[in-house]
Amino acid sequence: MNRYKELSQYRKQFDIFTNWIYYPIATFLCSILSYTSISPNSITFLAISFELIAFYLILINFTQFAIFIVLLLQFGWIFDLMDGMMARFKKVGYYHPTSPSNKGYYLDAVSDHILKFMIIAALGYELSKNHEFGWEIGMLALVIHAITQTEHTLRNLIKKGSTEPKNNNNFFTHIALAMNNIYIFYLIFIPMNRIDLLLIFFAVFELLLLLKRIIFFWINEP
């Protein structure tokens, strides 16, 4: 219990679902692994493996493996939370006090984005086989996600000390963050076998989030 409380201090703030559901599971697993020699990079590779297997199962037989795919994707997100928490706790990699390394940070960040694109593409491909507009819906979701992530990355590079408020405790901020958590959409819509709703709702919410970020940037930046 003491190790769990100690590790909890190294959490980052995400959406309300991650903070109250995913992070407690990640912290519990991390508290167990913290007594071993497993490295944060090893945890990252596990997270990547979970999502790659899910990607493969979507392509070969989505309907048969739907529940297994959901579990793999959920564990992919949980282990993605764990690697950074473990690195901050053990003060290794990017968080090493004297000789920090960006390699683990790079692996985590880049793989996270690439895997999201791969899963969305695989879901779009599966939808195209059974839905009249499946290909169009899949492409639209991919394009909107690409635009949203590009804007987010470039805005962070441009603003460098922005005056944009960083209040993560208000209701609208939590809703906006939840809109960007695709793992919640996986959990809701894949068991229902409604890839169309998953991609449509995720694309719509990401588009709304993109508009919110653009408006807030232009209002708050000098």
Side-chain angles (χ1 to χ4, degrees), residues 12-23 25-26 47 50-59 61-81 111-153 155 168-217:
K12 288 185 175 181
Q13 288 298 311
F14 287 95
D15 59 274
I16 191 169
F17 297 102
T18 298
N19 294 340
W20 289 96
I21 298 174
Y22 293 98
Y23 246 139
I25 300 172
F50 286 136
E51 301 215 15
L52 286 177
I53 296 171
F55 172 77
Y56 174 71
L57 294 180
I58 292 170
L59 294 180
N61 197 325
F62 172 80
T63 304
Q64 180 180 349
F65 295 111
I67 299 302
F68 195 39
I69 290 167
V70 173
L71 292 175
L72 285 168
L73 292 172
Q74 300 307 304
F75 273 106
W77 177 226
I78 289 169
F79 273 69
D80 188 34
L81 296 171
S111 65
D112 185 42
H113 289 293
I114 291 175
L115 287 166
K116 280 190 178 70
F117 280 107
M118 289 176 63
I119 297 296
I120 293 172
L123 291 171
Y125 169 74
E126 174 64 24
L127 185 62
S128 70
K129 297 188 295 183
N130 306 295
H131 194 288
E132 182 181 2
F133 302 106
W135 177 249
E136 290 83 354
I137 293 171
M139 283 300 298
L140 184 64
L142 271 176
V143 169
I144 291 176
H145 183 62
I147 292 171
T148 303
Q149 293 305 311
T150 302
E151 186 277 338
H152 175 70
T153 301
R155 176 169 43 83
N168 292 325
N169 295 317
N170 67 74
F171 174 77
F172 293 105
T173 299
H174 282 298
I175 294 298
L177 290 172
M179 288 179 185
N180 200 36
N181 189 343
I182 196 169
Y183 295 92
I184 298 171
F185 293 85
Y186 295 151
L187 185 61
I188 295 172
F189 292 110
I190 289 181
M192 297 167 56
N193 196 21
R194 294 304 304 266
I195 298 176
D196 54 343
L197 294 181
L198 188 161
L199 296 177
I200 290 170
F201 276 104
F202 183 65
V204 169
F205 288 151
E206 275 216 314
L207 188 58
L208 291 174
L209 178 61
L210 173 65
L211 293 174
K212 170 188 174 294
R213 287 171 171 172
I214 293 172
I215 292 169
F216 270 64
F217 182 85

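Below, each value reflects all heavy atoms present in this structure, side chains not excepted, and no hydrogens, waters or symmetry copies.
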Please assess Asp15 against Ile184 for the test side-chain contact (heavy atoms from CB on, under 4.5 Å), listing each intermediate value before the final yes or no. CA-CA 10 Å; Asp15 59 274; Ile184 298 171; 3.8 Å; yes
Distance-minimising heavy-atom pair for [X] and [Y]:
X: Pro191; Y: Ile67; answer: CB-CD1, 4.2 Å
X: Ala122; Y: Ile58; answer: O-CG2, 3.6 Å
X: Ile190; Y: Ala66; answer: CG2-O, 3.6 Å
X: Phe202; Y: Ile120; answer: CE2-CD1, 4.1 Å
X: Leu207; Y: Ile144; answer: N-CG2, 4.0 Å
X: Arg213; Y: Thr148; answer: NH1-CG2, 3.7 Å

Just how far is it from atom [atom1] of [X] to atom [atom2] of [Y], taken to the nearest 0.5 Å?
X: Ile214; Y: Glu151; atom1: CD1; atom2: CD; result: 5.5 Å
X: Asp196; Y: His131; atom1: CG; atom2: NE2; result: 4.5 Å
X: Ile182; Y: Leu198; atom1: CD1; atom2: CG; result: 6.0 Å
X: Asp80; Y: Thr18; atom1: CG; atom2: OG1; result: 10.0 Å
X: His145; Y: Ile147; atom1: NE2; atom2: CD1; result: 11.5 Å
X: Leu199; Y: Glu126; atom1: CG; atom2: CD; result: 11.0 Å

Decide yes or no for [X] and [Y]: does some side-chain heavy atom of the first lie under 4.5 Å from some side-chain heavy atom of the second?
X: Leu142; Y: Phe117; value: yes
X: Ile195; Y: Phe62; value: yes
X: Leu73; Y: Glu51; value: yes

side-chain contact (heavy atoms from CB on, under 4.5 Å) evaluation trace for Gln149 with Glu206: CA-CA 10 Å; Gln149 293 305 311; Glu206 275 216 314; 3.8 Å; yes
Do Leu81 and Phe14 pass the side-chain contact (heavy atoms from CB on, under 4.5 Å) test, and can you show the C-alpha distance, the side-chain angles, and the key distance before you say yes or no? CA-CA 10 Å; Leu81 296 171; Phe14 287 95; 3.7 Å; yes
Could you check whether Tyr22 and Tyr183 have their ring centres less than 6.0 Å apart? no
Do Trp77 and Phe17 have ring centroids that are under 6.0 Å from one another? no
Hey, which of Ile69, Asn181, Ile119 is the one that makes side-chain contact (heavy atoms from CB on, under 4.5 Å) with Tyr186?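 So the option named by the test is Ile119.
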What's the verdict on side-chain contact (heavy atoms from CB on, under 4.5 Å) for Met118 and Leu52, showing C-alpha distance, side-chain angles and the deciding distance? CA-CA 9 Å; Met118 289 176 63; Leu52 286 177; 3.8 Å; yes
Would you say Phe68 has more than 12 foreign heavy atoms packed within less than 6.0 Å of its CZ? no
Is it the case that over 12 heavy atoms from other parts of the model lie below 6.0 angstrom from the OH atom of Tyr125? no
